[in-house]
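First up is the structure itself, then whatever we jot down about it.
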Number of protein chains: 2
Amino acid sequence: MPSRGLDREAWVRLAVDILAEEGLAGLRVEAMAKRLGVTKGSFYWHFKDRQALLDAVLEEWRAGRIQDCQRQAEVSPDRAAEQLRHVMDAYAINPNRKGVMIELAVRDWARRDKAAAAAVEEVDEARRTNATRLFLAAGFSQDQAEMRALLLYTHAFGLSMMVFERQVDAVARLHAAITTLIAGSPQS
Amino acid sequence: MPSRGLDREAWVRLAVDILAEEGLAGLRVEAMAKRLGVTKGSFYWHFKDRQALLDAVLEEWRAGRIQDCQRQAEVSPDRAAEQLRHVMDAYAINPNRKGVMIELAVRDWARRDKAAAAAVEEVDEARRTNATRLFLAAGFSQDQAEMRALLLYTHAFGLSMMVFERQVDAVARLHAAITTLIAGSPQS
DNA sequence: ACCTGAACACCGTTCAAGT
DNA sequence: ACCTGAACACCGTTCAAGT
């Protein structure tokens, strides 16, 4: 559709893809302009500077992650236990490369940038609230639900950051046991 | 001491500090040369290119983290339970900014670089083995020890990546409960 | 409204030349 | 052995000028 006249969105979409493939260092105005078939001067019509593009990418990420949480919240209120396992596996065992790359880049960035830190905090809170809701629906007490939700999230996230090429099977087995420990039985 | 004649080490030491403060993007040859009071041409006497410096920083990180694990392994074999709690708090609640920044940068990098991925894998394995040893000493079975060691590590790591400025106290309380769940009682 | 083209500063890299 | 100085390419940024 961008036959003539690019918009901000085209730049942001490309930036998100590049961020996932090459990391922050890949977000170069000139290289992106070449890929879009325009001169880099064009970039500065849509954005104040490179930082403005980064801010737009950040906002895209924030809004998308919040939306993901809301979509999950619409799933059937019964079968909460099943969905807990599903959420754990989705994040921990089969994290999509693209998502993980962007999480890494955004969190790295959040260490130096107030706005990025605020976005990360908002997303972390939404995910935690979402998981807490699932544990409550599965019959856990408020305290237990909050505790297990945090643990589910930190574990899934931590695991997705790690490299276990030589031990994928062993780690998958341990992850299954961990899922049972965390999502196990309401009476514990 | 570097009154005349810098060595590789001086560049690597500076690079590690900058990596922690500013991230990968801060590792610019010219900026570092200015900080060391030499021209950037000097850099290329010690290193083939910028990538060679990154490789040296990576190796410094790898060796240091492995050494940390070995130091912990020398602590008194009794009191394993206490030390488990200590390890968890050290990593999860009071992660030093510098360490976390470097972990983030290295793992981001490992997504695109085979050597970085290998270093990360080695460090992950050493830490996991270390934690497993502690759980075994605390009386857990082999399976339980491996499972809890992984969980301790993923949780601590995941938590250190998150932003909870508005809820530090609540999260600290949840972390205490999690510590009990993970390091709790051998019979469970 | 959207883009080009040229200019400038900064930085990675090379290398001949200095001490 | 270690460094300088100059050169070149690449890229972020600006801006007057084009359509």
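Everything numeric here is computed off the predicted structure, so don't read it as measured data. Order of the sequence lines fixes the chain letters, A, B, ..., with proteins taken first and strands second; residue numbering starts at 1 for each chain.
Atom OH of A/Tyr44 and atom C1' of D/dT14 are 9 Å apart (whole Å). One interatomic measurement links the two molecules: CZ of B/Phe43 to P of C/dT14, which rounds to 11 Å at whole-angstrom precision. Atom-to-atom, CG of B/Leu27 to P of C/dC10 comes out at 20 Å; the value is rounded to the nearest Å. In this structure, CG of A/Asp49 is placed 17 Å from C1' of C/dC8, rounded to the nearest angstrom. Per the geometry, CD belonging to B/Glu30 stands 14 Å off C1' belonging to D/dG12, to the nearest Å. In this structure, B/Arg28 places its CZ atom 15 Å from C1' of D/dC10, rounding to the nearest Å. We find that CZ of B/Arg50 is positioned 14 Å from C1' of D/dC10, with the value rounded to whole Å. Rounded to whole Å, atom P of C/dG12 lies 10 Å from atom CH2 of B/Trp11.
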Under the side-chain hydrogen bond (donor to acceptor under 3.5 Å, both in side chains) rule, what do B/Arg127 and B/Tyr153 come out as? Steps first, then yes or no, please. CA-CA 8 Å; B/Arg127 284 172 175 167; B/Tyr153 185 27; 2.9 Å; yes
Apply side-chain hydrogen bond (donor to acceptor under 3.5 Å, both in side chains) to residues A/Asp68 and A/Gln72 and explain how you reach the verdict. CA-CA 6 Å; A/Asp68 283 355; A/Gln72 282 185 1; over 6 Å; no
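Surrounding CD of B/Glu9 are at most 12 heavy atoms belonging to other residues, nucleotides or ligands under 6.0 Å away.
Taking the charged nitrogens against the carboxylate oxygens, B/Arg65 and B/Glu122 have no contact shorter than 4.0 Å, which rules out a salt bridge. Salt bridge status for B/Arg107 with B/Glu103: present, with a side-chain N to carboxylate O gap under 4.0 Å. Using a 4.0 Å cut-off between a side-chain N of Lys or Arg and a carboxylate O of Asp or Glu, B/Glu121 and A/Arg166 qualify as a salt bridge.
Separation of atoms CG (B/Leu53) and CZ (B/Arg8) is listed at 8.0 Å; rounding is to 0.5 Å.
As judged by a 4.0 angstrom heavy-atom cut-off over every strand, B/Lys34 is placed among residues making no nucleic acid contact.
Across the interface with DNA chain C, nearest-nucleotide mapping of A/Trp45 and A/Lys40 shows A/Trp45 to be the residue nearer the 5′ end.
Of the listed nucleotides (D/dC11, C/dG12, D/dT4), C/dG12 has the atom at the smallest distance from the side chain of B/Val29. Picking from C/dG12, D/dT14, D/dC3 the nucleotide with the shortest atom distance to the side chain of B/His46 gives D/dC3.
Of all heavy-atom pairs spanning B/Leu54 and B/Trp109, the tightest one is O-CH2, 2.9 Å. Shortest non-hydrogen contact noted between B/Arg128 and A/Gln167 is NH2-OE1, 3.4 Å.
Counting only Watson-Crick and G-U wobble pairs whose two distances sit under 3.5 Å, DNA chain C takes part in these stems of three or more pairs: C:4-8 with D:12-16, C:12-16 with D:4-8.
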Restricting to nitrogen or oxygen on both sides, can you table the protein-nucleotides 17-19 of chain C pairs closer than 3.5 Å?
none

